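Note that the numbering runs from 1 along the sequence shown for the chain. Predicted model, so just to flag it, every value in this text is computed and none were measured.
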Amino acid sequence: MENPAWLDEDEQRVWRGFLRVNAWVYDELERDLRDRGGLSLIEYGILVHLSEAPERRMRMRALADSVIVSKSRLSHQIARLERDGLVRKQECTDDRRGLWAVLTDEGARLLAAVAPGHAARVRALMFDRLGPARTAALEGVLAALEPGGDTPAAAGRIPGVHRATVGND
């Protein structure tokens, strides 16, 4: 059996801090959206993605990938949004197995009403606290954490250490 590679003290502090901040930001945004428009953060994300899509509609599978939820969770969220008149399902004429999720006019109105306040809350929780330099640094960190991201270990680099390149002319 393989010995686990335990996190060292610094890694453990960063990991726990990441989890704590992630949960706090999520909870704050969730509470804010519930108060503003009775939406969860995932439901808000669904409405945003549909509003940005051509004809305000997306295939269910693509929508699930966009909002990073399982197909079953998306189906549950879409059913709730459909019940509230914010989204409707539409059969896909070129693929009888497929369904479109379509943003209704009522869904677009609710999104337009809550989006400015949500953007202000995101700005207050993150960007006002970070400032431009830390925002740029966070963007780099997030890019490295994306699947297939440019990680220092994969590229043979050590964070904070810049190597000069020498040509072999």
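- Across every non-hydrogen atom of Val69 and Arg61, the tightest pair is O-NH2, 4.5 Å.
- Going from atom CG of Leu110 over to atom CG of Leu103 covers 9.5 Å, rounded to the nearest 0.5 Å.
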Quiz item: Val102 and Leu50: side chain to side chain contact (heavy atoms under 4.5 Å, CB included), yes or no, with the steps?
Solution: CA-CA 7 Å; Val102 183; Leu50 291 174; over 6 Å; no
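- The two residues Arg59 and Gly98 come nearest to each other via the heavy atoms NH2-CA, 3.4 Å.
- Closest non-hydrogen pair, Ser66 versus Met58, comes out as OG-CE, 3.4 Å.
- Listed here is the closest heavy atom pair of Glu11 and Asp8: N-OD1, 2.7 Å.
- Other residues, nucleotides and ligands place no more than 12 heavy atoms under 6.0 Å from the CZ atom of Arg123.
- Distance check: Gln12 CD to Trp6 CH2 gives 9.5 Å after rounding to the nearest 0.5 Å.
- Using a 4.0 Å cut-off between a side-chain N of Lys or Arg and a carboxylate O of Asp or Glu, Asp35 and Arg121 do not qualify as a salt bridge.
- One hydrophobic cluster holds both Leu74 and Tyr26 under the rule that ILVMFWY side chains link at heavy-atom gaps under 4.5 Å.
- A distance-only check finds no donor-acceptor pair linking the side chain of Glu146 to the backbone of Ala143 [under 3.5 Å].
- Here the closest heavy-atom approach between residue Leu63 and residue Ala101 is recorded as CD2-CB, 3.8 Å.
- No continuous path of ILVMFWY side-chain contacts below 4.5 Å connects Val141 to Val122, so the two sit in separate hydrophobic clusters.
- A salt bridge between Asp105 and Arg109 is absent, with no side-chain N of the basic residue lying under 4.0 Å from a carboxylate O of the acidic one.
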Practice problem: Could you go through the side chain to side chain contact (heavy atoms under 4.5 Å, CB included) check for Gln77 and Ile46 one step at a time? | Solution: CA-CA 9 Å; Gln77 298 297 327; Ile46 290 168; 3.7 Å; yes
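- Here ring pair (Phe, Tyr, Trp, His ring centres under 6.0 Å) pairs that include residues 29-67, with residues two or more places apart or in two chains, are Tyr44-His118.
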Self-check item: side chain to side chain contact (heavy atoms under 4.5 Å, CB included) assessment of Ile78 paired with Leu99
Solution: CA-CA 11 Å; Ile78 291 292; Leu99 286 174; over 6 Å; no
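- By the criterion of side-chain heavy atoms lying less than 4.5 angstrom apart, applied directly or through intervening Ile, Leu, Val, Met, Phe, Trp or Tyr residues, Phe18 is not grouped with Trp24; the two fall into different hydrophobic clusters.
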Could you list the donor-acceptor pairs under 3.5 angstrom formed between side-chain atoms of residues 80-88 and any protein atom two or more places apart in sequence or on another chain?
{"from": "Arg80", "atom 1": "NE", "to": "Glu43", "atom 2": "OE2", "distance (Å)": "3.1"}
{"from": "Arg80", "atom 1": "NH1", "to": "Asp84", "atom 2": "OD2", "distance (Å)": "2.9"}
{"from": "Arg80", "atom 1": "NH2", "to": "Gly38", "atom 2": "O", "distance (Å)": "2.8"}
{"from": "Glu82", "atom 1": "OE2", "to": "Lys89", "atom 2": "N", "distance (Å)": "3.3"}

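- A 4.5 Å side-chain heavy-atom check between Ile68 and Ile42 finds every atom pair outside the cut-off.
- Residues Val25 and Val14 do not share a hydrophobic cluster, clusters being chains of Ile/Leu/Val/Met/Phe/Trp/Tyr side chains in contact below 4.5 Å.
- Sorted by first then second residue, the ring pair (Phe, Tyr, Trp, His ring centres under 6.0 Å) pairs that include residues 73-107, not counting sequence neighbours, number zero.
- Grouping the Ile, Leu, Val, Met, Phe, Trp and Tyr side chains by contacts below 4.5 angstrom, directly or via other members, places Leu29 with Leu142.
- Note that CD of Glu52 is 8.5 Å distant from CG of Leu111, once rounded to the nearest 0.5 Å.
- Looking at every heavy atom in both residues, Leu138 comes nearest to Met126 through CD2-CE, 3.7 Å.
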